[in-house]
Amino acid sequence: MKRAALLLAVVLLLAVPARAAGLEVGGKSACLMDVATGTVLYEKNSSEPLAPASVTKVMTMLLIMEAIDSGKIAWDDMVTASEAAAAKGGSQVYLKVGETMTVRDMLKSIAVSSANDCACAMAEHLAGSEGAFVEQMNRRAQELGMTNTHFVNCTGLDDAPDAAQHRTSAGDIAIMSRELLKNHPDIRKFTTIWMDTIRGGAFGLSNTNKMVRFYSGATGLKTGFTSGAGYCLSASAQRDGMELVAVVMGAESSTVRFAACKQMLDYGFANYALYTPELSGETWVAVRLGRADGVNAVLRGDNAILVEKGAKSGITQEVSLEGPVTAPVAGGTRLGTLTIRSNDRVLAELPLVAEGAVERVNWGDLFVRVLKRVAMAG
């Protein structure tokens, strides 16, 4: 949540319509979100808890990537298939009990072929059991603010007695998809694969996400289908430095889910753009009674803002600085504001903060300064 907290410091004053005029897509629910800012550009019943099928594995992949990036596990670690993992039905790579495979190939199989057996094997590898891993999934969902989500397995299979309790929403899927894409860029090495192999080339993998091959800039992410859930998809794509994620749940056919996500992505790329402000000119703030005479005011964190394409060309910036300020000054202390406008309309007000700390002088420092001034005067 640290990065999200930084983003909350950005006061966005541009109202982006969540229900885009004229845009209607198939499926029971849908959501379009900008990955950089988390802004929702379109929604339809996006808070309704529904069965997600294998789109569940977005959270599974998120926890795997967090474990890799934190150093808890490594790409070349060997994972052993248990009886429970080998017994998983649905999409699979047919792991045998006791078979070993690297974390890299396990994740590849999950991302490309939606392998339920690999998802279970990785869950056990990370948490000791699928049940313990599911507890981590639900805890992470709460941390991310996914208020309409409750997982009961790591696969999305709905053949167990408690499957009716396995629910999430299009909005929550967008949230976890954004977290995966924004903070774990290596996942794209797997979610953009169209065809590949494992077991030294002996077993082929083919991606069920047609967007990867047929939609320009596609970066993933995950398909899902069961007879109870219908056709689901979290589709992401990147163009001109902006990445969007489109989610549809409960579509009546695979054609409908791909068309729905294409519609949403096309709409987003046609109407919005990212603007990343950069400071130019003097941003030095004087500090009284400090060991340094002043400190530089800087932008901190992810300050990209989402704007309507028509507004981007007319953007202007204005820096307003406080000061002088009195020491001590802690690093990160707010020292001013960067106001971003387009055609006289305020789009955002971003905080400018102290680049570093400035300690207050003590009596010894003051005495030395007096001696220096006396010496210079003499």
Side-chain angles (χ1 to χ4, degrees), residues 1-12 14 16 18 30-43 46 52 55-72 107 110-111 136-137 139-149 168-193 209 211-212 215 217-222 233-248 261 264-265 268-269 272-278 299-307 348 350:
M1 296 295 289
K2 290 182 180 179
R3 299 190 184 193
L6 289 173
L7 194 60
L8 289 175
V10 179
V11 184
L12 291 179
L14 173 64
V16 179
C31 183
L32 175 66
M33 181 180 286
D34 169 55
V35 171
T37 66
T39 305
V40 174
L41 302 177
Y42 172 82
E43 66 86 27
S46 65
V55 181
T56 297
K57 297 187 182 83
V58 172
M59 180 59 81
T60 302
M61 291 190 292
L62 174 60
L63 293 186
I64 293 171
M65 288 303 303
E66 287 179 343
I68 292 169
D69 289 345
S70 69
K72 180 179 179 180
L107 182 57
I110 295 167
Q136 294 180 10
M137 293 171 69
R139 185 161 56 249
R140 193 71 181 99
Q142 290 179 352
E143 292 170 354
L144 291 171
M146 297 167 57
T147 57
N148 301 297
T149 295
T168 188
S169 66
D172 283 0
I173 290 173
I175 289 172
M176 65 180 178
S177 298
R178 177 190 178 229
E179 181 69 16
L180 179 60
L181 291 164
K182 184 176 173 63
N183 294 324
H184 306 282
D186 282 345
I187 194 62
R188 295 175 184 81
K189 296 176 182 178
F190 302 93
T191 56
T192 56
I193 292 172
N209 182 7
M211 305 281 284
V212 169
Y215 191 82
T219 55
L221 192 59
K222 191 71 197 70
L233 175 63
S234 177
S236 57
Q238 189 171 38
R239 293 180 185 174
D240 298 324
M242 181 173 70
E243 189 167 28
L244 302 175
V245 58
V247 179
V248 64
C261 286
M264 287 187 280
L265 292 171
F269 288 127
Y272 296 95
L274 276 181
Y275 174 77
T276 303
E278 294 182 1
L299 288 165
R300 188 176 69 175
D302 189 348
N303 292 290
I305 63 173
L306 194 70
V307 299
L350 308 179

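Side chains included, hydrogens not; waters and symmetry mates left out as well; all remaining heavy atoms used.
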Among residues at least two apart in sequence or on other chains, which ones pass side-chain contact (heavy atoms from CB on, under 4.5 Å) with [X]?
{"X": "A30", "answer": "V25, Y42, K44, M264"}
{"X": "S177", "answer": "V58, I173, L221, S234, V245"}
{"X": "Q142", "answer": "none"}
{"X": "A237", "answer": "Y215, L265, F269"}

Which value, rounded to the nearest 0.5 Å, describes the distance between [X] atom [atom1] and [Y] atom [atom2]?
{"X": "L306", "Y": "L274", "atom1": "CG", "atom2": "CG", "result": "5.5 Å"}
{"X": "L144", "Y": "M176", "atom1": "CG", "atom2": "CE", "result": "9.5 Å"}
{"X": "E179", "Y": "M59", "atom1": "CD", "atom2": "CE", "result": "8.5 Å"}
{"X": "M137", "Y": "K57", "atom1": "CE", "atom2": "NZ", "result": "10.0 Å"}
{"X": "T191", "Y": "I110", "atom1": "OG1", "atom2": "CD1", "result": "13.0 Å"}

Partner residues of [X] under the side chain to side chain donor-acceptor pair (under 3.5 Å) criterion, sequence neighbours left out:
{"X": "N209", "result": "none"}
{"X": "T60", "result": "none"}
{"X": "D34", "result": "T37"}
{"X": "S169", "result": "none"}

- Taking R188 for its side chain and L181 for its backbone only, find out whether a donor-acceptor pair lies under 3.5 Å.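 Present.
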
- Query: Taking only residues two or more places apart in sequence or in another chain, which ones pass salt bridge (charged side-chain N to carboxylate O under 4.0 Å, His left out) with D186?
  - Reply: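 Result, salt bridge (charged side-chain N to carboxylate O under 4.0 Å, His left out) vs D186: K189.
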
Using a 3.5 Å cut-off and no angle test, enumerate the donor-acceptor pairs between side-chain atoms of residues 61-68 and protein atoms at least two apart in sequence or in another chain.
unit_1, atom_1, unit_2, atom_2, d
E66, OE1, R140, NE, 3.3
E66, OE2, R140, NE, 2.8
E66, OE2, R140, NH2, 3.0

Might you point out which heavy atoms bring [X] and [Y] nearest each other, and give the distance in Å?
{"X": "M146", "Y": "T168", "result": "CE-OG1, 4.3 Å"}
{"X": "L41", "Y": "G268", "result": "CD1-CA, 4.3 Å"}
{"X": "I175", "Y": "G145", "result": "CD1-O, 4.1 Å"}
{"X": "A235", "Y": "M211", "result": "CB-CE, 4.2 Å"}

- Message: Quick one, V55 and V247 - any side-chain contact, counting heavy atoms below 4.5 Å?
- Response: no

- Task: Please examine the side chains of P277 and L350, heavy atoms only from C-beta on, and report whether any two atoms are closer than 4.5 Å.
- Result: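 Side chain of L350 against side chain of P277, heavy atoms only: contact under 4.5 Å found.
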
